[in-house]
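Basis for what follows: all heavy atoms, side chains included, without hydrogens, waters or symmetry-related copies. Each chain gets a letter, A, B and so on, in the order the sequences are listed, and its residues count up from 1.
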Amino acid sequence: MLHEATTTIQGVLKDVTGIEDVQLTDGGEHADLATTVAFALAKEKKQEPVQVAKELAALLATKPELQNLGVTVETKGPYINFRFGSAYVSEAIQAAVKPGYGSLPKNPTRVVLEHTSANPNGPLHVGHIRNSIIGDTLARAFRKAGFRLEVQYYVNDMGRQIAIVVWGFDNLDSTRHEGEKEDAHIARVYIAANRELEKDPAITRQIDNLMQLVEGGDPATVKKFRKEVSRCLDGFAVTLKNLNVIHERFVWESDFIRNGDTRRIIGRIKKLPQVKEEGTLALDLTKCGFEKEYVIMRSDGTSVYGARDLAYHAWKAANFDRIIDVLGADHKLIGGQLICTLRLLGEKAPEIIHFEFVSLPEGSMSTRTGKFVSADDLITEVTRRACEEVTIRRPELDETTRRSIAKSVALAAIRYDIVKVSPEKSTVFNWKEALDFERQSGPYIQYAHARACSILEKAGAYTDWYELETEQEIALAKQIAKFPATIEKVISELRPHLLATYARELADTFNTFYHFEPVLKSQGKVRERRLTLVKAVQNTLQESLETLGIDAIRTM
RNA sequence: GGGCUUGUGGCUUAGCUUGGACAUAGCGCCGGGCUUCUAACCCGGAUGUCGGGGGUUCAAAUCCCCCCAGGCCCGCCA
C-alpha cells in the first residue's frame with residue numbers, strides 16, 4: 001500500500017522535476033509523505049524555495065496519477081506535503097483483513113541464513129541468544145517476503161574448546177549430576193578443565209595432540225568429540241525450541257575435513273598470488289586493508305578455523321544465491337578476511353550482520369570462567385514471573401491455561417526485549433528490564449492483540465465496511481498500511497528491529513483508538529467500519545507478532 | 001599503539017545509510033482516568049549543550065576532521 005503510493009509519487013516527482021531520485025520523507029503530523037525538493041530546485045532556478053514549492057505543488061495537483069490515488073498536494077512554506085485520501089485508506093483495510101497480510105510476492109532467490117552457531121562447550125547464554133533472535137526474526141521476515149530460505153547452524157565441533165572438553169571428560173571427575181542438563185554438564189567439565197590448564201600449562205600439549213588426532217580422523221578421538229558435541233547440541237535444541245528459534249539444518253565443521261572440501265580449498269588458496277608459505281600457509285590481504293596475514297594452516301599441517309569456514313562458505317556459495325551470516329562483533333575482522341578471501345577465489349561472499357556484545361553489570365560474559373546468565377535460567381525466571389502475573393490478572397482461569405499464557409508471555413518478553421535494540425549497540429543485561437511486561441515490551445503488543453480478539457469475539461457477525469471517518473480511525477488505518485513496506489525494509493536493510501518498532505507503534509495507535517472510539521457500543525455503519533478496522537489491526541498485529549517469533553495469543 | 005563501533009533528558013531507547021518543518025518513545029517523577037469493548041491500558045505535565053570542539057551547507061543528531069569516554073578486535077584460538 002504505502003510502497004505503491006510512494007513509488008507513484010516518486011515517479012510523478014521525477015517527471016515534473018527531472019531529478020532522478022527524489023527522496024520522500026515521512027511527513028509526521030503535517031502529511032503522510034513530504035519532500036524538500038524545493039530547496040534544491042530553488043538554488044537551480046535562483047528563486048525562493050517557498051515560491052518554487054508553491055508552483056511545483058500546483059503542477060503536481062493536476063497530475064492524473066495523483067488524482068487517481070486520491071492524493072492531495074499542499075505546501076507549508078518550502079515543504080511539499082502529500083496526504084492520502086479515503087481510497088488509500090479503504091484499500092489498505094481491505095488488504096489488511098485478509099490472512100497472510102504483509103506477505104510479498106514469491107521470490108525465486110535461494111537464501112541461506114546462518115545464525116547462532118555457538119561453540120558447543122556450554123549452554124547458550126544471553127549473549128548467544130541475541131544472535132539467535134536477530135537471526136530467527138530475520139529468517140521469518142525473509143519467508144514473509146517470499147524468499148526460499150534455509151536456516152543453518154554451523155557446528156564448530158573440532159575447535160580447541162571441544163578438545164578441552166574432551167580432555168576434561170578423559171581426565172577429570174566428570175559424572176553427570178542428577179537432573180543436570182547436557183549443555184550445563186559440558187560447561188561444568190569445560191570450566192574445570194580450563195582451571196587445570198591454568199595450573200599446568202603442560203596440558204596444552206595433550207590438547208594439541210587431541211586436535212591432531214581428530215583432524216587426522218582417528219576413530220576413537222572422532223567418536224569422543226562427536227559424543228560430547230552431540231550432547232551439547234541436544235541441550236541447545238531444548239533452549240532453542242523454548243525460544244521458538246528454528247534451524248533447518250545443522251552443518252558440522254568436521255564434515256568439511258572428511259569430504260575433502262577443506263583440502264580442495266587449500267589447494268586453490270595455494271595458487272593465489274597473495275599466498276605466503278613460510279611454515280604456515282597464510283594469505284596477504286593488504287589488498288583489502290588488513291595488515292595481519294590470514295593464517296589458513298598451522299605449521300604442523302592442521303587447518304585452522306578459517307580454512308574450514310572458507311570451505312563451508314564455498315559450499316554455501318555453490319548452493320545458494322544469497323548468503324547471510326549473523327555473527328558477533330568479535331568476528332568483524334575475520335568476517336572481513338573471509339569475504340576478502342572468497343572474492344580472491346572468485347566465490348560469492350556472504351552478507352554479514354554483526355551485533356555487539358551483551359555483558360553483565362560485573363563485566364563480560366565468559367563460558368570458560370563460568371561467568372554468564374544462561375538462556376535456560378532466563379527463560380525459567382521470566383516464565384515464573386509471567387505465571388505470577390497471569391495468576392493475579394486472571395485468577396478464574398485453570399492452571400493449564402494460565403501456564404500456557406505465561407509461557408507465551410515469557411517468550412514474548414524475552415524475544416522482544418532483545419530484538420528491539422539496534423544490533424550495533426552493546427548492551428548490559430538487566431534483570432529488571434527482562435522481567436518488565438509493560439510498555440515497549442512484547443507482552444504489551446500481545447495485549448493489544450488479545451484486546452482486539454476480545455472485541456471481535458463479543459461482536460458476533462458483522463459486514464465489512466471499509467470507509468473510515470474519524471481522525472483516530474484513519475490514523476490507525478494508515479499505520480496498518482505501513483506493514484508490507486516495513487517487511488520490505490527489514491529484509492532490504494537486514495534490520496529486524498524495525499519490525500519491533502513498527503509493531504509497538506501499531507499497538508500504541510490501536511490503544512489510543514480503543515480509548516477514544518467505542519466499537520461495540522456504536523451503531524450501524526460506524527460499528528461495522530470499526531469492527532472491520534479492529535479485524536484489520538488484529539490481523540496485522542498477529543502477522544507482526546508471528547514474524548517476530550512471538551505467539552499471537554487471543555486471551556491473556 | 002592501530003582498526004572497527006557506540007555516546008541522544010536521572011536510566012533505557014528511535015531517528016543517522018538517503019541532511020530539512022517544534023529530536024522518538026518508554027522507565028522513573030508530578031497530576032488525572034477502571035459500576036464503561038481486557039487498566040499488561042489511556043490522557044496531561046516537568047525533564048535535552050543529540051559526548052566536546054572545529055568544518056561543509058541556505059539548513060547538521062544526521063556528512064567531514066580532531067579530541068574525550070565506553071565496547072569489541074588486532075592468536076599457528078574459535
Side-chain angles (χ1 to χ4, degrees), chain A residues 21 23-31 34-36 38-39 42-43 49 76-79 81 117-119 121 156 158-163 208 211 253 279-282 289-292 295-306 308-309 328-334 336 354 356-357 359 364 386 389-390 392-394 409 413 420-422 424-428 430 432-433 436-448 450-459 493 495 497-498 500-501 504-505 507-508 511-512 514-522 530-531 534 555-556:
Chain A
D21 189 26
Q23 289 300 322
L24 288 171
T25 56
D26 188 273
E29 65 196 62
H30 305 284
T35 175
T36 58
F39 287 103
K43 203 163 214 187
K76 181 146 190 190
Y79 301 94
N81 294 327
S117 301
N119 277 322
N121 58 354
N156 304 125
M158 50 186 303
R160 189 161 209 95
Q161 284 89 335
I162 310 309
D208 288 343
M211 289 175 73
E253 183 182 7
T280 62
L281 178 76
F290 300 118
E291 300 209 352
K292 289 270 175 183
V295 176
I296 306 292
M297 228 160 68
R298 301 187 184 93
S299 51
D300 68 359
T302 56
S303 59
V304 299
Y305 166 84
R308 279 108 60 181
D309 206 21
D330 54 335
H331 284 62
K332 274 188 184 171
L333 176 59
I334 59 154
H354 290 288
E356 287 288 342
F357 270 45
S359 58
S364 323
E389 202 62 34
V390 176
I392 293 166
R393 290 164 191 276
R394 304 295 300 277
V409 166
K420 73 178 179 187
V421 182
S422 319
E424 64 271 17
K425 302 247 190 197
S426 52
T427 63
V428 177
N430 179 330
K432 187 172 172 284
E433 278 168 32
D436 181 11
F437 304 146
E438 300 198 335
R439 298 202 52 164
Q440 300 207 339
S441 76
Y444 168 79
I445 301 163
Q446 284 180 309
Y447 189 76
R451 179 177 259 173
C453 287
S454 170
I455 293 173
L456 292 169
E457 201 165 299
K458 290 196 173 127
E493 298 186 11
R495 282 147 62 86
H497 85 280
L498 298 174
T501 305
R504 196 208 77 224
E505 285 174 351
D508 286 343
N511 280 330
T512 302
Y514 173 88
H515 284 277
F516 288 100
E517 311 277 32
V519 179
L520 295 177
K521 275 179 288 183
S522 53
R530 287 187 184 163
L531 279 168
V534 171
T555 183
M556 62 191 281

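Residue-level contact check: A:Glu424 touches the backbone only, with heavy atoms under 4.0 Å from sugar-phosphate atoms and none from bases. Within the nucleic acid shown, A:Ser359 has no heavy atom closer than 4.0 Å to any nucleic acid atom. Residue A:Val390 is classed as a base contact, given a heavy-atom separation below 4.0 Å to a base. Using a 4.0 Å heavy-atom distance criterion, A:Glu517 is classed as a base contact.
Judged by distance alone with a 3.5 Å cut-off, no donor-acceptor contact links the side chain of A:Asp26 to the base of B:A21.
Pairing of B:G7, defined by two Watson-Crick or G-U wobble distances under 3.5 Å, is identified with B:C68. Applying the Watson-Crick and G-U wobble criteria (two distances, each under 3.5 Å), B:G44 pairs with B:C30. In this structure, B:A21 forms no base pair with any nucleotide, since neither Watson-Crick nor G-U wobble geometry is met with both distances under 3.5 Å.
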Under a 4.0 Å heavy-atom criterion, the protein footprint on nucleotides 70-78 of chain B, written with B, S and -, is -BSSSSBSB
Could you list the protein-to-nucleotides 57-59 of chain B atom pairs, N/O on both sides, closer than 3.5 Å?
{"unit_1": "B:C58", "atom_1": "OP1", "unit_2": "A:Lys43", "atom_2": "NZ", "d": "3.0"}

Identify each atom pair where a protein N or O and an N or O of nucleotides 10-12 of chain B are less than 3.5 Å apart, giving names and distance.
none

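Checking B:C42, B:A39, B:G15 against every side-chain atom of A:Arg439, the shortest atom distance belongs to B:C42.
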